[in-house]
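Chain naming here is simple, since letters A, B, ... match the order of the sequence lines and numbering starts at 1 in each. What you see below is based on every heavy atom in this structure, not just the backbone, and it leaves out hydrogens, waters and symmetry mates. Just so it is clear, the model here is predicted, and its values are computed rather than measured.
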Number of protein chains: 2
Amino acid sequence: METPSARWEGLPSWLLTQTAGHAQRLVSDGFASVGARGYHYRLLATLAEHGPASQATLGRRSGIHVSDMVATINELADEGLVERAPDPSDRRRNVISMTAEGKRQLRRLEKQLAETQERLLEPLSLEDRARLTDLLSTLLAHHNSRGTPEEPWR
Amino acid sequence: METPSARWEGLPSWLLTQTAGHAQRLVSDGFASVGARGYHYRLLATLAEHGPASQATLGRRSGIHVSDMVATINELADEGLVERAPDPSDRRRNVISMTAEGKRQLRRLEKQLAETQERLLEPLSLEDRARLTDLLSTLLAHHNSRGTPEEPWR
DNA sequence: TCCGATCGTTGGTCGCACCAACGATCGTGC
DNA sequence: GCACGATCGTTGGTGCGACCAACGATCGGA
């Protein structure tokens, strides 16, 4: 941008979305350097945390929409990081599980992610980092709770 | 999400992008309630601040990519909020200016935006709001300066 | 057995950001 | 005076994240 002072540049919502844009860029560049993107990490991490599950369950656990889950699993399965097997006890379902290579990839992604946090917070002191995390957690909890208010009007 | 504690949920980059997601949603809902979106506000605000200009100049001032500028101006021109006139002194250029209705719309958008900031920061005290703004400004300035490093390696 | 719920899948939409290429026009150096 | 590089507007893409509607197949409870 040519002008360092536009009307909106001091607004909290602007500061937030712009800073988040930088964060997003750092994170996805980090993931891209290992040939992955955000959804890949989230799916692998979810599998590592709760073990194999159906696509619908993985969607609920990871916050990835079921329809995006299909593509994500396709991509990871093509790379041999994840396996899709029919669930014998319910023919509607697939059971998704991580391969050994998938676990290695997850370790790489987590390493990238840790380095990214460092780069992101670089100019802040430890105290400031804690303060920022606190403030953002407060904000996020607040808006998440008001999030999908479970049809509150019915 | 089903699980309240995924691996990544404490990461600063996650807190940042998620909170920013809420902010974005609040802002665009506010704009949408007046029939606009983010680019419309940014363009109108830029026009109000610096006056009429060519599309390329507006792009540099607002941070909106030239190619997106075309569509944005088309939309605003269709609504009669903005006018596109050939620049007599340079036949490559169009001069874009705001109409009276455009100014009214900008006032509506700014009102929406102010209300949105309030909703966004609702759970924070005034001190916390200032702290958050400071921390985000520091982070943003840091990453912006390292932003497009002006071919630093040449 | 029937009916509503769930599962996976396809093929869209939207917003923001960015890129390549093109013809038209401009302006500077020669 | 003219040729060439830069600039301008425009078109038609890309990517990512998030979400939606609809469909056939399957399941399970009444």
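Using five terminal pairs a side, the axes of the helix from C:dT1-D:dA30 to C:dC30-D:dG1 at its two ends make an angle of 0°, given in steps of 10 degrees.
Shown for residues 105-117 of chain B: no residue has heavy atoms falling under 4.0 angstrom of DNA chain C. Within residues 36-48 of chain B, no residue is approached by DNA chain D to less than 4.0 Å at the level of any non-hydrogen atom.
Within the structure, a side-chain polar atom (N or O) of B:R84 is placed less than 4.0 Å from OP1 or OP2 of D:dT10. For the OP1/OP2 pair of C:dG8 and a distance below 4.0 Å, the side-chain nitrogens and oxygens of A:N74 include no atom meeting the criterion. The shortest distance between the side-chain N/O atoms of A:R60 and the OP1/OP2 oxygens of C:dC7 is below 4.0 Å.
The CD1-P distance, from B:I73 to D:dC8, rounds to 13 Å in whole Å. Summarising the geometry, the separation between CD1 on B:I64 and P on D:dC8 is reported as 16 Å, rounded to the nearest angstrom. The nearest whole Å value for the distance from the CZ atom in B:R25 to the C1' atom in C:dC14 is 15 Å. Rounded to whole Å, the distance from CD on B:Q18 to P on D:dC16 is 18 Å. Atom CH2 in A:W8 sits about 13 Å away from atom P in C:dC16, given to the nearest Å. Taking atom NE2 of A:H65 as the reference point, atom P of C:dG12 lies 16 Å away to the nearest angstrom. Summarising the geometry, the separation between CE on A:M69 and C1' on D:dC16 is reported as 16 Å, rounded to the nearest angstrom. Taking atom CZ of residue A:R93 and atom C1' of nucleotide C:dA5, one finds them 12 Å apart after rounding to whole Å.
With sequence neighbours left out, B:E118 forms a salt bridge (charged side-chain N to carboxylate O under 4.0 Å, His left out) with B:R129. Applying the side-chain contact (heavy atoms from CB on, under 4.5 Å) rule to B:R131 yields the partners A:R131, A:L135, B:E127, B:D128; only residues at least two apart in sequence or on another chain are considered.
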Apply side-chain contact (heavy atoms from CB on, under 4.5 Å) to A:R37 and A:E75, showing your working. CA-CA 10 Å; A:R37 59 192 185 95; A:E75 290 158 11; 3.4 Å; yes
Decide side-chain contact (heavy atoms from CB on, under 4.5 Å) for B:E110 and B:Y41; before the verdict, give the C-alpha distance in whole Å, the side-chain angles of both, and the deciding distance to 0.1 Å. CA-CA 8 Å; B:E110 280 171 338; B:Y41 164 72; 3.9 Å; yes
Starting from the C-alpha separation in whole Å, work towards a yes-or-no answer on side-chain contact (heavy atoms from CB on, under 4.5 Å) for A:L16 and B:L120. CA-CA 10 Å; A:L16 209 40; B:L120 175 61; 4.2 Å; yes
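In this structure, B:Q105 contributes its side chain and B:V34 its backbone to a donor-acceptor pair below 3.5 Å. With hydrogens and angles ignored, the 3.5 Å screen pairs no side-chain donor or acceptor of A:H40 with any backbone N or O of A:L76. The closest donor-acceptor contact from the side chain of A:Q18 to the backbone of B:L136 lies at 3.5 Å or more, if one exists at all. Listed for the B:Q55 side chain is no donor-acceptor partner under 3.5 Å among the backbone atoms of B:I96. Although no hydrogens or angles enter the test, the distance criterion places a donor-acceptor pair under 3.5 Å between the side chain of A:Q117 and the main chain of B:S13.
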Measure all distances between protein nitrogen or oxygen atoms and nitrogen or oxygen atoms of nucleotides 26-30 of chain D, and list the pairs falling under 3.5 Å.
| residue | atom | partner | partner atom | Å |
| --- | --- | --- | --- | --- |
| D:dC27 | OP1 | A:R91 | N | 2.8 |
| D:dC27 | OP2 | A:R91 | NH2 | 3.2 |

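Contacts of A:S54 with the nucleic acid, taken as non-hydrogen atoms under 4.0 Å apart, involve only primed sugar atoms and P, OP1 or OP2. Across all strands, A:D68 comes closer than 4.0 Å to base atoms (heavy-atom distances).
Toward the 5′ end of DNA chain C lies the nearest nucleotide of A:Q55, the other residue of the pair A:W14 and A:Q55 mapping further downstream.
Side-chain atoms of A:S28 and base atoms of D:dC16 include no donor and acceptor less than 3.5 Å apart.
Note that OG1 of B:T99 is 10.0 Å distant from CG of B:L47, once rounded to the nearest 0.5 Å. In this structure, CG on A:L11 lies 5.0 Å from CG on B:L113, to the nearest 0.5 angstrom.
In the hydrophobic cluster analysis, where Ile, Leu, Val, Met, Phe, Trp and Tyr join through side-chain heavy atoms closer than 4.5 angstrom, B:V82 is grouped apart from B:V70.
The pair B:E49-B:R42 does not count as a salt bridge, with every side-chain nitrogen at least 4.0 angstrom from each carboxylate oxygen. A salt bridge links A:E101 to A:R104: one of the charged nitrogens lies within less than 4.0 Å of a carboxylate oxygen.
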